[in-house]
Structure formats: C-alpha cells, structure tokens
Amino acid sequence: MGDDAYDEKSPLVRVETPSSGKGSYSISGDVSTLLEVHADEFSHLPTHEASILRNQVVVEPVNASFLSMYRYATRTDATLLILTAIVAIAEGTIRPLISVVFGTLTETFTNYARQSSFDQEYFYNSTAGFYSKSNMTFFNYTSYNVNEYGGPYEYDMYNMTGIQYEYISPETFQSRVNNLTLYFVYLGVADMVLSYVSIYTFIDRGQILAGRIREYYLSATLKQNIGYFDKLGSGEVTTRIASDTTLIQEGISEKVCYVLSNLSTFVMVFILAFTRMYILAFMMTSIAAVVVASFFISSGLMKKYFKKSMDGYSVGGTLAEETISSIRNVQAFSIQDRLAAQYDKFLEVSEHWGIRAGLSLGIMTSLVWFGCFNNDALAFWQGTRFIRSGQATVGQVISILLLMNQGTLALSAISPHFRSITSAVAAASKIFATIDRASVIDSSSDQGIKLNAVRGDIELKGVKFIYPSRPNVTILNNFDLKIPAGKTVALVGASGSGKSTIIGLLERFYLPVGGEVLLDGVNIEDLNVRWLRQQIALVSQEPTLFACSIYENIAHGLIGTKYENASEIEKRELVVEACKQANAMSFIETFPEGLNTNVGERGFLMSGGQKQRIAIARAIVSNPKILLLDEATSALDTKSEGIVQDALDRAAKNRTTIVIAHRLSTIKDAGLIVVMKRGVIMEMGTHNELLQAQGEYYDLVEAQKIEKQKKELSVQNQAASNDEPDEKVELQEDSVLGLARSKTTTSVSSIAIANTPAEEEIDESKYSTWELFVFLTKLSARENGINILASFLSLINGLGYVALGFFYGAAVEAYTHIPDFDYVNSEINKYAGLFFMLSIVVSIATSGSQALFSYASQKLVRRIRYLTFRQILRQDIEFFDRDENTTGGLTTMLSQGAQAIEGLTGATFGQIMNSVMIILSGSLVSLIITWKLGLVCISTMPILIGGAFFRLWILAQFQGNMKNANQQANSYACESATAIRTVLSLTREKDVLEKYHRNIDEQHRISRPATNKSAILYGISQGTQFLIFGLAYWYGSTFIRTGEYTVLQFYIAYITLIVGAQNAGMVLSYAPDMGKAKYAAANIKKLLSNVPKIDTSSNKGKFPEDVQGEIEFRNVHFRYPTRPQVPVLRGLNLTIQKGQYVALVGSSGCGKSTTIGLIEAFYRPLSGQILLDGQDISEFNINAYREQIALVQQEPTLYAGTIRDNILYGTKENVSDGQIFAVCREANIHDYIMSLPDGYDTLCGSKGTLLSGGQKQRIAIARALIRQPKVLLLDEATSALDSESEKIVQAALDAAAKGRTTIAIAHRLSTIQNADVIYVFENGKVLEYGTHQGLLAKRSKYYELVQLQALENTA
C-alpha cells in the first residue's frame, strides 16, 4: 500500500452509525429511497477507542413533543402563552353558543310556521275553543300572562294528544327573534376582542421563541466537536436554521391558536349537547369517536411522512449549498445540468413522501365530512322519535344537530393547521437532537484548568489518533514529539503524513484515542477548551475570512485577549500594526475605504494572497503564546512571502511556533525540522543538519531547488536578452473609445462605466396577485389537468353545501307539520337517507380533491425548486458577487420559497377552493330562492373578503420588510457553520451569537407592527361573521312573519349562504400562508425572469471550430461590478501563441486571477477585447467556448459523491475506465485511489472534506485533464502539494501542456521555470515579459522575485 493510504483524510468508510439519526446519503443511489447503511463502524476497535470515536460523531435521536417546542419560554412567555391559550379557548368556547341560539330560533320559526299552517286548516271559536273542520275535535284553551324575554307577553297554549303548543302572535314572534339576534351582537364583539388578543400574542411569542430556538441551535452547532461536522454538510445546517425553524415558528404560533380555538369548540360542543339531551348526544358521539380515531391515525402517518420528506430535502440542501458556494467551478466545467439532475433526485424523494402525507390528509378530511353529514342523518332520524315521545323539543334536536356538526367542522378546520404542527414537531426532533447533543469537546464550558502563565512547552506523548469519520485508518500510532517553549518547529512531509492532524489535536478539534498531548506538562484535555484556543493563533492553508470589513476580520483575533474590550482607537492601532507586519497595508491603502473595505462572502472580493495576509494579520494581532502556521504563506507571491516570512520570523521569537510548509524556503531558519511519513517521524534536525544527512529532507529540497542563475549568466546571455521585447510595455489608454485627442485625466474604465446603461431592476413588489397566479399556473401546466379534476371535485363539495341547504330546510320544514307525525316521519326518513348519500359523495370528493391537489402541489414544489436551482446556476458570476445573493440567502430561497408556495397549494388550496365554491354556489342559490334576503347577506361578503385581502396585503408588505433581516441572519449562520474551524480557533462563538442575536431582534422589531395590523383585521373578520348571522335571522324573520318566505326557503338560503360566510372566514385563517406564498412567488418569478449578461442557457453565438488556442488581450480595462471604484486591469495587452506555456506572476492583487476569470468569460471587460484565435470571445456560444478550456483553481472544489463522479465532471463525453485511470496516473493520484477499499467509488464527502488538500488538488487536476482542453488554466494548481507530489504533478502538467495553450499563475517560481513566456504583472498591466533566463538577465522585477525565493544553505 502506498504512502497515501495512511492519509489522515482517507474516506475509507461510507456508513453511518445507527444512533446518528441519519443515514449516509448517496447522490447516485436509487431515486426513490436514500442509501442508509446501519452498521457499527467502530466494532473492530478496542472498546475504549471505539467509545472515544463514537462519542465524537454520535447524535442521539430526540423524539420532540408539542410542548417541548416551548422549552425556551421564560416565565413571562409561559404566563402570556397560558393566558392567551385561555383566551383562544374562550374564543372557541363561545362559538357553540351560537348553535344553542340557532336551535331556539329554529324552534321559534317552526312553531310560528306551524301556527300559520294550523290557521288555514282550523277555524277558531272564541267562546268554545278550537274546532276542527274535519272531525270537530275539541282542544282545551288556556290563557297565560308570563314574563318572558324580558317583558310580559300573552300567549295561548293548545293541547293536542297530550302535547302543548303555544300560539305566537306576529308581534311576539318578531320580538322574540329581535331579542335572540342580540346574542349574535354580544358574541360577535366578544369574538373580535378574543380573536385579536389570541392571534397577536401567539404570533408575537411564536416569532420570539423561534428566534431563541435559532440562537440555541446555532449555539449548539458552534460548540460541537469537528468530528460532528465531518458527517454533516454546512448546507444542512443552513436548511435547518432557515427552513426547519420556520416550520417550528408556524407550529407554535398562530396555528396553535387556531387548533386550540377549534379544539375548545369541539369540547364545548359535547358539553352543551349532553346538557341539552344526553341520549341523542351520546348516540351521535359514536360517529364523532370514529372521526377522532381516524384523525389521530392519519395525523400519525402525516407526521411520519413529513419527517421523511424533510430528511430527503435536507440532504439536497447540502448539495445545493456546496454547488452554489463553488459556482465558478460549476460554470467553468459547465456541470450545471448534472448537478441539477442530482439535486432533483433528492427532490424526488421529498416529493414521494410529501404526496403520501397529502393522501393521508385527504383521507382524514373526508372522514370528517363523512361524520358531519351522517350526524345530520342520525340527528333528524332519532331526534324525530324523541320529539314524538315528548322527550325532546325541536329546539333541542336542532341545537344538538348543529352542535355536533359544529364540532365535526371544527375538527375538519384543525386538519391543515394540525399538519403545520406535525411538521413542526418533526422539524423540532432534528433541531433538538443537535441542541441536546453533549459535545465531547465543549468550547462553551467553563470547566477545566486555566494556567496562570503559559511558557509554551508542547509534548505529544505516545499519541494514537484515528479520525472518527475514517475509523479503519490509524493516522498516528505511539507518536512522540517534544517542542520546547519559544522554539520554531517545522513539520514537513508528503500529503497525508499527519502534519495537519497534529495541529487539529493541539486546537482540540479531535480527541486522541491513546496517549497525551501536554502543554507545560498539563494534559490539554484537563485545560479549559476556550482558554486553550485563546493561547493559540492559527493560520490555515485555505484562509477563511468573514463577510465584514478588513478591520473587523483582523479585530476578531483580539477575542479573548486584554484588548477585546479596548477602545476603538486602541484596537485600530493594533490592527494597523499587524497589517504592516503582515505586509497587508500596501494593498489595503489602495482601497478607497481602506481598512473599512468589505471583503465579501468568504473573502471573495480579495485575491488569494490578500486573504492570506489578512489572515496572518489576524493571527499575530493578539501576540499569541503559540503560533500554528499551516501553509501560511502558500498563497503569497514571492515578494510578499519574503516580507511576510520576515514578519512571521519576528513574530515567532519568544513564542512556540509550529509551521507546516511545502515551500521549504519558508522553514529553513526553523530551530527544528521534523520530517514525517505515514504518521511516523523519519528524521529531525536543523536545515543544514538534515541536508548533510542527505535523507528524506534532502530529497524534498532537491525537488524544489532553483538554480543559481545569477552565477551562471554570461555576457552573451545578457546580450541575447537585449533582443527580447522591451520590459516596459507602455499601454496607452487614450486610444480607446475614441479618446485619442482627449486630455482628460478620467480613466477609460470610469468612462466605460459611466457610458454603460443602468440595468432595469425588477421590483418584485409590483407583481399583481393575478400575474403571480398566472405564473404559478404556467409552472404547473403539466398538472393542470389534475388541478382541474381536483377543482371539479371541489365544485362537488361546494354543491354539497347547496344540497345540504335543501335537505336541511326540507327537514326543518317537515317539523312544521307536527302533530302529523306520520307525515313528519316519512319526510325525515327520506331526508336522513339523502344525508347519508350526501356524506358518501362529499367524502369521496373531498379525499379525491385533497389527494389530487397534494399531488399537484408536490410536483409544483419540486419543479419550483429544480427550476430555481437551475436558474441560480444560470446566472453570471456578477450575480453572486452582490451582497444580497450570498450562498446562505440563495439556499434559503430554495428551501423556504418553495415551502411557502406549498403552504398555499395542496391541502390549503383544496380548502380554499372548497370555500370559494361554497360561497359562489350559495350566493347563486340564495338569490334564486330568496333574492331579497340573498342580496342583503351577499352585500356583507365584501366586508369579509375585503378584510382578507387587506390583511393579505399587509402580510405581503411584512414579508418584504422581513426579507433582508431574514436573509442577513441566515447568511450569517451559514457562513459561521461553513467556517466552523476558523470560528472555533478564534473562539468567536460568543461574538457570532451576539451578532446573530442582534439580527434576530431586528426581525422581531420589524415584524411587530405588521403582526398587530394583521391581528386586528383577523379579529374584525371573525366577529363580523356573528353579526352576519344575526342580520340573516333578523331580516329573514321579517319575511317569515309576513308570510313572504316559508321556513323551507329561509333555511335553504341561510344554510347555503351563511355557511358560505363561515367558509369565507376559514379562508381568512390562511391569509398568512397566502401572504408568504405571494411574496415567495414574486421572488421566484423575479429570479426566473432575470436573464444574465453571460447566459449559459443560451444557444446563441458562434461555435468554435478547429480551435488552436491562441489568446490575445487588447487594451483590456476591467473593474469588478461590485467594486466599480477600484480599477483592476488598466489597459492589459498580452498575446499567447498556440501551444505556448505562459506563466503569470506578480504581487497579490495585481490582476492575475482576474485575467484567468476573463479568459473563462466569468465577466466581460469594460473596454478592449479578449480574442481566441482572432475572434472576440463575447461572440462565441458560452458553453461551446468553455468546452475548450479547463480550469484548476487555487482552492480545489470537489462535490459530495464518489471520486469517479468528481473526475467525470470534467467532461460530457462517455469515457472508459482506462481513460480515467490514465489521467489519474498523470495527476499522481491513481495508486492512492486504488489503495482505498472502494477505489474510485470512494465517497469524497461534502466539499471533499474526506480528502486532504493535496489529494483534492490532484483529483481536480485529473478532472481538468480528462476534459482534453485546448486551453489549460492553472491558478496555483500545485500550491497544495508537497514537494514530492509537486515534482511529479508538475512533470505531468508540463507533459499535458504539450500541444495545448497553458496559462499558469504561480507564486512558487520553480514550477514555471520552463514556461515559454513569463508575464510579470504590476498594477493591472504587464511590467515585463520573456523567458525565465531572459528575465533574470534583465535584473528587474522577476529577478528580485527569484532571488527572494532561492534556496540556500544557511551559514
């Protein structure tokens, strides 16, 4: 087995512990299921070692409950929530009182109507009593005068077969109705107040508690040991904090209010029903019991399916995050389609379970309606029997019927909101699993020793180390190393020899499974973790900066020191001094804002060298006791490296310094050099001692040595060099854009920017609701047939209410024929059967519509996420440079945007469609049957619907205001999770959380006014329903009193129309979902409408043919669009001939990487031309053009998947294994890959985290070579390689360069000695160019750079 088999980053296993709560997901696996491997991967290790490793990665699953989501409520929160819950329960409790009033009114109506019928069939004798026209049956007459309804009323009673019936005069009838309808007013006002208080408080507290959960989750994430992150993608952290906490917020705020209100209605219904007549209520409870049982069974299934759906997407979210964060690499290799296809596989998993959840919801809702209509049948059927026997009155039967129906409807109304709560509980299980996880290395803990003074003695004694994510490989075994205080020790060796592992152990990122790591004789496991890290400063190989100013980035290094809370002036002085020592002030002073310049997300606005110097300044500003330098100068140009190395050498004095370096010139002055291989120390000594020993170190030095050209140059060489082009190439700007005679001092790029027409920015708030509806309809075109069928079933549901009105009205009208019970029984039995038939029809229609709408909804959500992801990848690089388009923000849009639209589609949309159909059909029938009453009731609808739309508008505005606050908070959390090693080493956890807390507080501040307005409108709309009920009964009674309408007509109109009002109110409860959905749809429409300047989806442009590879820059001026005030290229001219190997060198920030970016067409120049084979590259089809180019970046990017997958990203062609093996041999990676158990099918981990830097770089090189490009771009392609690997890979690159144009950026000049032409950049122009020896002969800039890097024996 080769050396690389011992690599500390070798991904030798691809299984997940059973207790981790999550399987290992393979992108290329079966689309319907995710690959979950359950095995104890530590079983082969001794119990003690297995326990140490297991504790670093295990995440115990947490079964969250509803109440557990309120775990962070303070006493004030709990008091408010309990009081508000009581208010919500009270609001739900008063609703059933309406049914009691309805029952009393119905009895009043039927008694009055019966009397009117009786008057037509009987004549009245005032002295003898009542006499029948047919058989002259005598009825006793008695006169009463009683106090009823608040005043004296005289009414007559008549007795018929033992049953007494009162005589009601028209005036008495109207007076009774008037008094009863006043109850609607009282209840309506009460409901307004109670609804407002409950909904406002629940939403407000929900936002606050969700904010706390976000903070606790981020806090828990930041204190986890690094082993936890080795198995968790940063994208998953973003998805959890952006999407899952939003689900929790919905599940603990207004949805709870709705559920409590409806549940209390359900309970109160039974209390009132049993007190009115327990026998009938008990009979009807049997149906309710079946409904409740089915409700809980279905909700359990829903929770299960939603959890699986979220699990599927969370892994897709990680893929999205790593794709968007490496967008330059994605576009360079044109792999958007393939990554989108892999992303879609996870969407398919999420869709699969989402459809099942929707089906469960449909079945649950249909059973509710089945129970509701069967309640009607049972109540009328059995109630009539009780009326006939004298055990009940009409009022009691109708009250119980309405009460039981109201209870069933309340249960039905719970279902969509209950879905939100079950989703929230499922999300909380994942969130709380992280929060509750006890990190074995807890940086937030105050436990542990804090030494009074630190000398800096470090000792590794008998250390055995295994990475928790790769338990099959032992990295260090019985490793011993002593590092005396104040000494500089350099660790050198091939990639994977264990160098970075030692730094990880010192920083306590991991735990050793054996042995000790001592600081000043104390085991570091006994020291306080945060205190320990504050004694250490780390500069890593790939420096991480945060999205803030240069000053703030460097000031982060002062955390934990006595200067942490110093004045701003004192801090700034320290930062300036650190910048000077790190040779950073030279470029910082060129920025208009100086130290206040924003570095961009992950520092993307800075060049590699600039980032590295800022990171070094951050490390030395605190004057640490221990300095860890992991390739600290790898990204610096030679001149900067020399100056910074001097600064580091000075900084290393009087402190313990451990240096990892592949560039051996940086460590020749080290007090001790430790040469490592396979986790074993091969030799130790000083630079001179090791050279004399001519062992491993000597071989490494020879591989890097640059010949002493100065001693070998002859006069002839110097003379020959004079024939080469002049080193000073004057680049005139005044000939561009017709400015030849202009004497103005304004630069060409400034004029070009001024002449560029401003882009028309799309304002998403301008989209109308109709536009967005049409937009979503077009997106779901494939499912429109299904939506139409579902809408038709919703129409049946709506017409079911019309049928209900007819059946109900006819049944009530039958009671007006009492005492003719034969007729009454005949009619009631007929309509009871019709109610049963209606229950079957409506339940089938309901389940069908809900299932179909859910199916269409999940398809739409998947399509929106897929199209949005594709559209994001389509955008040009300028789009990603903008502050608002951070990786976290875009990942959040993918997760939350589609999720918000899902909140309006599916089950919710089905409910809305039902309500709309009921309103329309009810209005039409009421106008036909009772047009006067219908007109009055319909006139009240705009009040309800207008309130809903106004509330929707307020919520839409609220969503817009929240956008920046949400995006900023989510991006910040994503950035911190992605840069977790840097955050931990800087002990920035508290600082990160404080800033995140401020972001969360800002969200609350913005949201409160909108929440208040929305709650007021909701309260008014809820109370208005009661007033409409009262109006309908009062106004309808006037027609019944005069005989213009019958009871049958009234109840048909009332049921069909007023139930429509209730459903309009139900629609109002979905206004928050509609507001979020509208805002999300507007954002997605804006994104999908955005056509980038450099459009990778376009087929326009020429297709390059017979490409030779000749590249030319003609007077190119360029500034980054996000920093138009900073000139980067200032008239660049250079020509690269076919097949030439050209090197670009110069100080950091001089424009080298920008040149590569322009060749890749990431940007367009402000003026001038870039030509390929004499044709302007802007005229080419962008994808066809990029197919001719391959890029290897300074910081290599790999994706979650296998090594084979990552190499194949380099080409669209079908290639054989032989071709893959060939390019991997060229990149010196094949032997290592074959040594792994899974070979080329070995997983790389998210962003390639399971591989070392050198291995990632070699795979990236193989990916570039398999492309067989005409132009090869190497941006520090070998910077991450050790000397031995670099020598082999450089030879491979030199061979690969033959026959193709190669452009290389290199700070390590030994890698470009053999270049055909070397261009030396300075200030965005070419300062000089020529061959290596020719430029040395000129003794100018390049000569200085070489001299700075020459390896010589120290005296």
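Count residues from 1 along the sequence. We use all heavy atoms of the structure for the numbers below, so side chains are in, but hydrogens, waters and symmetry mates are not.
Between Phe173 and Ser1037 the shortest heavy-atom distance is CE2-O, 3.4 Å. Nearest heavy atom pair, residue Ser399 against residue Arg276, reads OG-NH2, 3.5 Å. Taking all atoms of both residues into account, the shortest heavy-atom contact from Asn374 to Ser839 is ND2-OG, 3.1 Å. Contact record, Gly800 with Leu838: O-CD2, 3.7 Å, taken as the closest heavy-atom pair. Shown here for Gly1023 and Asp191, the closest heavy-atom pair between the two residues is N-OD2, 3.9 Å. Smallest separation of non-hydrogen atoms from Val197 and Thr84: O-CG2, 4.0 Å.
Of the inter-residue distances, the one linking Arg388 atom CZ with Phe386 atom CZ reads 14.0 Å to the nearest 0.5 angstrom. Note: Leu402 CG to Ile1055 CD1 = 7.0 Å, rounded to the nearest 0.5 Å. Interatomic distance, Gln1022 CD to Met192 CE, rounded to the nearest 0.5 Å: 10.0 Å. To the nearest 0.5 Å, atoms CG (Leu403) and CD1 (Ile98) are separated by 11.0 Å. If you take OG1 on Thr393 and CD on Gln396, they are separated by 4.0 Å, rounding to the nearest 0.5 Å. Put simply, NZ on Lys932 and OG on Ser926 are 14.5 Å apart, with the number rounded to the nearest 0.5 Å.
Surrounding OH of Tyr183 are at most 12 heavy atoms belonging to other residues, nucleotides or ligands under 6.0 Å away.
Under 3.5 Å, the side chains of Gln174 and Thr1038 contain no donor-acceptor pair of N or O atoms. Side-chain atoms of Thr104 and Arg176 form no donor-acceptor pair, as typed in the model, at a separation below 3.5 Å. Inspection of the Ser175 and Thr172 side chains reveals no N or O donor paired with an N or O acceptor under 3.5 Å.
Under the salt bridge (Lys or Arg N to Asp or Glu O under 4.0 Å) criterion, Arg1041 pairs with no residue at all, not counting sequence neighbours. Every residue two or more places apart in sequence or in another chain was checked for a ring pair (Phe, Tyr, Trp, His ring centres under 6.0 Å) with Phe373, and none qualifies. When the salt bridge (Lys or Arg N to Asp or Glu O under 4.0 Å) test is applied to Glu813, no partner is found at least two apart in sequence or on another chain.
Exactly one residue among Tyr112, Phe109, Tyr1045 makes a ring-ring contact (aromatic ring centres under 6.0 Å, His included) with Phe1050. That residue is Phe109.
Note: Tyr1018 and Tyr200 fail the aromatic proximity criterion, with ring centroids not under 6.0 Å apart. Phe835 and Tyr808 have their aromatic ring centers separated by at least 6.0 angstrom. Between Phe282 and Tyr278, the distance separating the two ring centers is not shorter than 6.0 angstrom.
Put simply, the side chain of Glu107 gets close to the backbone of Gly395: a donor and an acceptor are under 3.5 Å apart.
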Review point. Should Thr265 and Thr93 be marked as a side-chain contact (heavy atoms from CB on, under 4.5 Å) after you check the CA-CA gap, both sets of side-chain angles, and the distance that decides it?
Key: CA-CA 5 Å; Thr265 297; Thr93 302; over 6 Å; no
Exercise for review: Test side-chain hydrogen bond (donor to acceptor under 3.5 Å, both in side chains) on Ser264 and Arg95 and set out the steps.
Suggested key: CA-CA 9 Å; Ser264 61; Arg95 288 185 198 166; over 6 Å; no
Practice item. Show the numbers, then the answer: is there a side-chain contact (heavy atoms from CB on, under 4.5 Å) between Leu793 and Asn797? Key: CA-CA 6 Å; Leu793 292 174; Asn797 287 340; 5.6 Å; no
Practice item. Report the C-alpha distance between Ser198 and Glu91 in whole Å, list the side-chain angles of each, state the deciding distance to 0.1 Å, and finish with yes or no for side-chain hydrogen bond (donor to acceptor under 3.5 Å, both in side chains). Key: CA-CA 9 Å; Ser198 59; Glu91 193 264 333; 5.4 Å; no
Practice item. Please test Met404 against Thr285 for side-chain contact (heavy atoms from CB on, under 4.5 Å), starting from the C-alpha separation and ending with a verdict. Key: CA-CA 8 Å; Met404 299 305 287; Thr285 303; 4.3 Å; yes
Practice item. I would like to know whether Val397 and Ile387 meet side-chain contact (heavy atoms from CB on, under 4.5 Å); could you show each step before the answer? Key: CA-CA 8 Å; Val397 170; Ile387 292 171; 3.8 Å; yes
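Between Tyr831 and Phe807, the ring-plane angle classifies as tilted under the 30° and 60° cut-offs. Phe1039 and Tyr1035 have perpendicular rings, their planes meeting at more than 60° on a 0 to 90° scale where under 30° would count as parallel. Ring pair Phe1026/Phe1029 is perpendicular by interplanar angle, where above 60° counts as perpendicular and below 30° as parallel. Taking the six-membered ring for Trp and thresholds of 30 and 60 degrees, Tyr1051 and Tyr1033 have ring planes more than 60 degrees apart, a perpendicular arrangement.
The shortest side-chain heavy-atom distance between Ile828 and Tyr815 falls under the 4.5 Å cut-off. Side-chain contact between Ile398 and Phe380: present, with at least one pair of heavy atoms (C-beta onward) separated by less than 4.5 Å. Within the 4.5 Å cutoff, the side chain of Ser849 has heavy atoms near those of the Ser794 side chain. No side-chain heavy atom of Leu1048 sits under 4.5 Å from any side-chain heavy atom of Phe806. Two residues are said to be in side-chain contact when any heavy atoms from C-beta on lie closer than 4.5 Å; Gln1049 and Glu1044 fail this criterion. At a threshold of 4.5 Å between non-hydrogen side-chain atoms, the residues Leu1031 and Val936 count as touching. Looking only at side-chain heavy atoms (C-beta outward), Ile421 and Phe66 come within less than 4.5 Å of each other. Residues Leu97 and Leu272 are in side-chain contact: their nearest non-hydrogen atoms beyond the backbone lie under 4.5 Å apart.
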